[in-house]
Amino acid sequence: MERERTDLLERVERYYDLVPRAVATTEEVGPFTLFVPEEGTGWQFYARPRRPGSATFTPAAVERVLARQLALGLPRAIEWVADVTPSLLPAVRGAGYEPAHYPLLTLPPRVRVPPDPRARVLPPADPHLGIAFGAVRAGFTGRDDVEHQHPGRKPELIEQGALIVVASYEGSQLCGAGSAAPRGDVAELMGIAVPPGHRKRGHGSAITRSLVAACRERGVDLVFLTAGSDTAAGIYRRVGFVDTATACVLEIDG
């Protein structure tokens, strides 16, 4: 069982290293890989432990990569899986920072997850695409006023099969959205959010289920996500996801 978990997390690590490269350049900064987003993508990235993961992490190495992000005008952020890179947490704390910890969940291939009829996959030219990303932003900021968000290069990524966007509806009203980024047989579910006025009606579950179904239709057999809280993780556990590891995120404001 532990060997199976180790192999699964290695697939997750390869995925984390691969996904940003579609819309980012990279810099190697000590034991870190720094992802620098291309202009117009609408995304911000982070630094992660460089692969393969055999480097030694120190507080000085942490400070160096954060300083490089600052010099490039990027958000200062480091993300990693604590179970895969255990030496990074002491280094971050040694530099005077405390990261957030989030449940990383995976969906066993044997768990059947049918799509929810309230949610649908949005094609690249769908007029609701900008509203979908606006709903995600409103959901994460706890607002009900949804503003259209320019989709940037996302339609291009959808056309390429590198991005799936799903929105959930009540009648014609969009009530929440989320996305997934398939790469081969692995996909992460990302940015699933519902504005406060539409919560507790099953939209988060509907989006999750339909994203899983869409990923599996494309040959994905490992679906995973990082939940923003244990409360959010409860939604995904009810779908069939299981706790697998702990994701650490260091974000420094200012």
Side-chain angles (χ1 to χ4, degrees), residues 1-21 31-35 43-58 61-62 65 77-95 97-111 113 140 164 178-193 204-205 207-209 211-212 215-216 220-252:
M1 182 65 73
E2 183 58 30
R3 181 61 190 176
E4 179 180 339
R5 176 174 174 271
T6 299
D7 291 345
L8 185 152
L9 290 177
E10 173 58 22
R11 292 176 69 190
V12 169
E13 284 293 313
R14 289 198 300 267
Y15 175 93
Y16 275 139
D17 184 72
L18 175 63
V19 165
R21 295 174 186 267
F32 293 96
T33 297
L34 172 58
F35 296 95
W43 278 309
Q44 293 291 347
F45 293 119
Y46 37 73
R48 292 194 64 85
R50 184 195 300 177
R51 289 185 44 80
S54 58
T56 299
F57 292 89
T58 64
V62 171
V65 74
I78 303 173
E79 297 187 6
W80 73 100
V81 178
D83 311 66
V84 176
T85 315
S87 65
L88 183 47
L89 181 57
V92 167
R93 287 175 170 164
Y97 304 108
E98 183 61 37
H101 301 254
Y102 299 107
L104 190 155
L105 301 99
T106 58
L107 184 66
R110 66 182 179 278
V111 176
V113 181
F140 278 115
I164 300 171
S179 59
R183 297 294 186 276
D185 58 3
V186 182
E188 180 183 21
L189 307 191
M190 312 172 296
I192 298 171
S205 176
I207 295 162
T208 302
R209 291 178 179 277
L211 280 171
V212 169
C215 288
R216 286 179 165 175
V220 170
D221 66 8
L222 172 55
V223 182
F224 75 99
L225 57 85
T226 298
S229 66
D230 196 63
T231 299
I235 297 172
Y236 306 124
R237 293 179 185 123
R238 289 192 290 274
V239 172
F241 284 82
V242 296
D243 293 71
T244 303
T246 299
C248 290
V249 178
L250 175 66
E251 294 179 317
I252 303 173

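Residue numbers count from 1 along this sequence. The structure presented is a predicted model; accordingly, all values stated were derived computationally and were not measured.
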So OH of Tyr102 and CG of Asp230: to nearest 0.5 Å the spacing works out to 13.0 Å
If you round to the nearest 0.5 Å, how far is CG of Leu104 from CG of Leu225? 7.5 Å
Of all heavy-atom pairs between Phe57 and Thr85, which one has the smallest distance, and what is that distance? CE1-CG2, 3.4 Å
Rounded distance (nearest 0.5 Å) linking atom CG of Leu8 with atom CG of Leu222: 5.0 Å
Steps toward side-chain contact (heavy atoms from CB on, under 4.5 Å) verdict (Val186, Arg14): CA-CA 10 Å; Val186 182; Arg14 289 198 300 267; over 6 Å; no
Arg216 versus Val113: any side-chain heavy-atom pair under 4.5 Å? yes
Ile235 versus Gly204, closest heavy-atom pair with distance: CG2-C, 4.3 Å
If the condition is side chain to side chain contact (heavy atoms under 4.5 Å, CB included), which residues does Ala95 pass it with, not counting sequence neighbours? Pro59, Val62, Glu63, Tyr97
Search all heavy atoms of Val111 against all heavy atoms of Val239 and return the closest pair with its distance. CG1-O, 3.9 Å
For the residue pair Pro20 and Tyr46, what are the closest heavy atoms and their distance? CG-OH, 3.5 Å
Is the shortest side-chain heavy-atom distance between Pro99 and Leu89 below 4.5 Å? yes
Between the CD1 atom in Ile192 and the OG atom in Ser179, the distance rounded to the nearest 0.5 Å is 8.0 Å
Could you pull out all residues at least two apart from Glu251 that satisfy salt bridge (charged side-chain N to carboxylate O under 4.0 Å, His left out)? none
Suppose we screen for side chain to side chain contact (heavy atoms under 4.5 Å, CB included). Which residues come up paired with Val242, at least two apart in sequence or across chains? Thr106, Pro108, Thr244
Residues that Tyr236 engages under ring pair (Phe, Tyr, Trp, His ring centres under 6.0 Å), provided they are two or more places apart: none
Nearest heavy-atom pair of Ile207 and Gly178: which atoms, and what distance? CG2-N, 3.7 Å
From Leu105 atom CG to Arg237 atom CZ, the distance as rounded to the nearest 0.5 Å: 6.0 Å
What residue pairs, at least two apart or across chains, pass salt bridge (Lys or Arg N to Asp or Glu O under 4.0 Å) with a residue in residues 183-192? Arg11-Asp185
Would you name the heavy atoms of Ile78 and Val65 that are closest together and state the gap between them? CD1-CG1, 3.8 Å
To the nearest 0.5 angstrom, please state how far the CG atom of Leu107 sits from the OG1 atom of Thr208. 10.5 Å
Kindly indicate, with the supporting measurements, whether the criterion side-chain contact (heavy atoms from CB on, under 4.5 Å) is fulfilled by Phe32 and Leu88. CA-CA 11 Å; Phe32 293 96; Leu88 183 47; 3.8 Å; yes
With sequence neighbours left out, the residues meeting ring pair (Phe, Tyr, Trp, His ring centres under 6.0 Å) with Tyr15 are Phe224
Please check if the number of heavy atoms outside Glu4 that lie under 6.0 Å from its CD is greater than 12. no
When you look at Val212 and Phe241, which way does the side-chain contact (heavy atoms from CB on, under 4.5 Å) test go after all the steps? CA-CA 11 Å; Val212 169; Phe241 284 82; 4.0 Å; yes
Should Thr33 and Arg51 be marked as a side-chain contact (heavy atoms from CB on, under 4.5 Å) after you check the CA-CA gap, both sets of side-chain angles, and the distance that decides it? CA-CA 8 Å; Thr33 297; Arg51 289 185 44 80; over 6 Å; no
